Amino acid sequence: MSPKSARKAKSEPVQSAGSARPTLLLQWYDWHRRRLPWRAAPGETSDPYRVWLSEIMLQQTTVKAVGPYFEKFVARWPDVTALGRASQDDVLRMWAGLGYYSRARNLYACAVAVTREHGGSFPDTEEGLRALPGIGPYTAAAIAAIAFDRHTMPVDGNIERVVSRLFAVEDELPQAKPLIQQLAATLLANSRAGDSAQALMDLGASICTPKKPACSLCPLNEDCTARLQSTQETFPRKAPKKSGTLRRGAAFVVTRGEELLVRSRPEKGLLGGMTEVPGSDWLAGQDDAAAKLQAPDLKGLSRWQRKMGVVTHVFTHFPLELVVYTARAVGRTRAPEGMRWVPVATLADEALPNVMRKVIAHALD
DNA sequence: CATGCGTGGGG
DNA sequence: TCCCCAAGCAT
């Protein structure tokens with residue numbers, strides 16, 4: 001007789017909780033799902049174009065920030081072939097302010113590819129989607145699950161957080177990604193893959209938040225390992241990231257009547273393809289005198305006037321400090337090679353990143 | 001696998 | 001104020 005045969009008075013329903021979770025999650029979702037502009041109403045078929053567009057915009061970007069941009073885009077380009085017929089510059093102008101501008105270039109390239117190579121319909125498999133510009137592993141899985149109900153679990157930052165807490169994953173990100181992917185897949189319901197994914201994302205966004213998670217409201221709280229240990233807020237594990245070194249530069253704001261001198265940045269790299277006022281390089285340890293030497297060379301220009309103060313801006317990987325110089329150009333002063341005059345009144349329509357809007361506002365203040 | 005790539009909001 | 005972060009991708 002082995003000790004194992006001893007029976008508990010009341011056998012515990014430790015019912016391999018793994019199988020109960022997907023159902024609990026969907027039940028929670030059916031009551032608490034967020035209403036979002038790109039989501040189909042319950043029972044409705046979702047539009048792959050809207051799912052794709054929203055997923056691209058939502059990469060590293062908050063729902064609140066995306067809202068108005070999504071509405072603008074679908075109003076102007078109601079389907080992927082309409083977007084494919086636009087110009088990249090129109091797309092960049094509409095995207096200005098949302099950040100990560102390579103997304104906008106890839107968005108356009110993707111629309112062209114879907115229009116020309118897929119007859120205007122998105123591929124309905126992860127593999128097919130993954131081959132398109134701007135669509136990586138997460139986005140391919142998300143579109144496949146949400147728009148085409150493929151049985152796959154996309155793993156974004158929300159889901160990494162929820163899963164790493166649920167299973168108390170001690171490994172640090174990003175090394176833990178494969179493990180988390182595997183664990184996340186256990187939360188997929190047999191049907192309703194897209195809802196399973198969106199349920200986890202909503203849970204991460206509204207309950208299982210980075211700070212002060214509302215565990216008492218969580219449908220999975222009963223067998224959340226981190227919560228049982230009261231270590232929720234310490235997950236996911238990740239190495240602290242280092243902040244970049246301050247870079248300095250100068251920006252030159254030249255007006256000609258009611259017009260402003262601008263140019264376009266190179267296609268690739270920081271703020272690729274976006275509009276800017278002429279400026280110096282942005283370098284660590286550069287002094288103002290060195291930066292000023294890079295002022296554009298125009299005939300018929302008034303003296304450069306240094307605006308008091310500086311414009312500061314923080315990019316993901318470095319902070320930036322710009323000194324601003326202004327000057328006025330007479331009558332028909334020609335724009336130097338590669339530059340152009342634009343009316344101040346229509347600046348809002350330009351593909352101006354926010355750092356340049358700050359510079360111009362500071363200069364014209 | 002590490003790094004580059006925006007911006008605005010919250011604690 | 002400062003730091004962290006928010007539905008990642010490309011290289």
Side-chain angles (χ1 to χ4, degrees), chain A residues 34 36-39 50-70 92 95-107 109-110 129-147 153-163 172-178 181 184 194 196-206 208-213 233 236 238-247 265-274 276 282 312-320 351-358:
Chain A
R34 291 177 292 175
L36 298 171
W38 43 87
R39 277 190 183 167
R50 295 168 69 92
V51 173
W52 163 71
L53 180 59
S54 68
E55 288 299 341
I56 301 298
M57 288 184 166
L58 286 162
Q59 288 167 5
Q60 301 291 281
T61 308
T62 58
V63 165
K64 185 181 177 191
V66 165
Y69 283 86
F70 180 83
L92 282 179
W95 195 279
L98 197 54
Y100 285 134
Y101 299 100
S102 68
R103 291 185 298 172
R105 300 193 300 272
N106 285 329
L107 184 84
C110 183
L129 289 161
R130 182 68 182 78
L132 291 165
I135 298 185
Y138 161 75
T139 305
I143 298 172
I146 297 169
M153 180 62 87
V155 178
D156 70 336
N158 281 312
I159 298 181
E160 278 176 354
R161 186 172 58 256
V162 173
V163 169
E172 283 191 349
L173 286 170
Q175 296 87 341
K177 274 177 181 290
Q181 172 74 62
S196 294
Q198 294 179 93
L200 275 181
M201 292 185 220
D202 280 15
L203 193 62
S206 55
C208 195
T209 49
K211 297 168 192 171
K212 309 276 184 183
E233 288 196 59
K238 58 175 78 168
K241 46 188 141 189
K242 41 208 159 194
S243 70
T245 316
L246 173 70
R247 300 186 199 179
R265 293 179 62 88
E267 275 299 304
K268 301 206 166 189
L270 184 67
L271 307 175
M274 302 296 285
E276 67 175 1
W282 298 344
T312 62
H313 190 77
V314 181
F315 292 101
T316 306
H317 50 302
F318 68 92
L320 175 66
L352 281 173
N354 276 12
V355 60
M356 285 300 140
R357 293 177 192 266
K358 285 188 195 174

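These numbers come from the heavy atoms of this one structure, side chains and all, not from hydrogens, waters or symmetry mates. All figures in this text were calculated on a predicted structure; none of them were measured in a lab. Numbers restart at 1 for each chain; the letters A, B, ... are given by sequence-line order, proteins then strands.
Remark: A:Tyr101 is in phosphate contact with B:dT7, judged by side-chain N or O atoms under 4.0 Å from OP1 or OP2. Remark: A:His317 is not in phosphate contact with B:dG4, judged by side-chain N or O atoms under 4.0 Å from OP1 or OP2. When the side-chain nitrogen and oxygen atoms of A:Thr61 are compared with OP1 and OP2 of B:dG6, none of them lie within a distance under 4.0 Å. Between C:dG8 and A:Gln60, a contact under 4.0 Å exists linking OP1 or OP2 to a side-chain N or O. Phosphate proximity of B:dG6 to A:Arg103: absent, as no side-chain N or O sits under 4.0 Å from OP1 or OP2.
Defined by atom type and a distance below 3.5 Å, a donor-acceptor pair is missing between the side-chain atoms of A:Tyr138 and A:Gln59. A:Arg39 and A:Gln198 share a side-chain donor-acceptor pair at under 3.5 Å.
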Check nucleotides 8-10 of chain B against the protein and report each pair of N or O atoms closer than 3.5 Å, with its distance, or say if there are none.
unit_1 : atom_1 : unit_2   : atom_2 : d
B:dG8  : OP1    : A:Asn354 : ND2    : 2.1
B:dG8  : OP2    : A:Asn354 : ND2    : 3.2

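A:Trp38 comes within contact range of at least one nucleobase, with a heavy-atom separation under 4.0 Å. Contact annotation for A:Leu271: backbone-only contact, meaning every heavy-atom pair under 4.0 Å involves sugar-phosphate atoms and none involves a base. Among the heavy atoms of the strands, none lies under 4.0 Å from A:Pro154. As judged by a 4.0 angstrom heavy-atom cut-off over every strand, A:Arg34 is placed among the base-contacting residues.
When the side chain to side chain contact (heavy atoms under 4.5 Å, CB included) test is applied to A:Ala141, the partners found at least two apart in sequence or on another chain are A:Glu126, A:Thr152, A:Pro154.
Mapping A:Thr316 and A:Gly136 onto DNA chain C via the closest heavy atom, the residue that lands nearer the 5' end is A:Thr316. Comparing A:Arg39 and A:Pro133 by the nucleotide of DNA chain C whose heavy atom lies nearest to each, the residue mapping closer to the 5' end is A:Arg39.
Taking atom NZ of residue A:Lys238 and atom C1' of nucleotide B:dA2, one finds them 15 Å apart after rounding to whole Å. As rounded to whole Å, 14 Å separates atom C1' of C:dG8 from atom CG of A:Leu107. Atom CG in A:Leu92 sits roughly 11 Å away from atom P in B:dG6 (whole-Å rounding). When the P atom of B:dT7 is taken as reference, atom CZ of A:Phe318 falls 10 Å away, rounded to whole Å.
Between A:Phe315 and A:His317, the ring planes are tilted. Angles from 30° to 60° get that label.
Nearest nucleotide to the side chain of A:Pro210, out of C:dA6, B:dG6, C:dA10: C:dA6.
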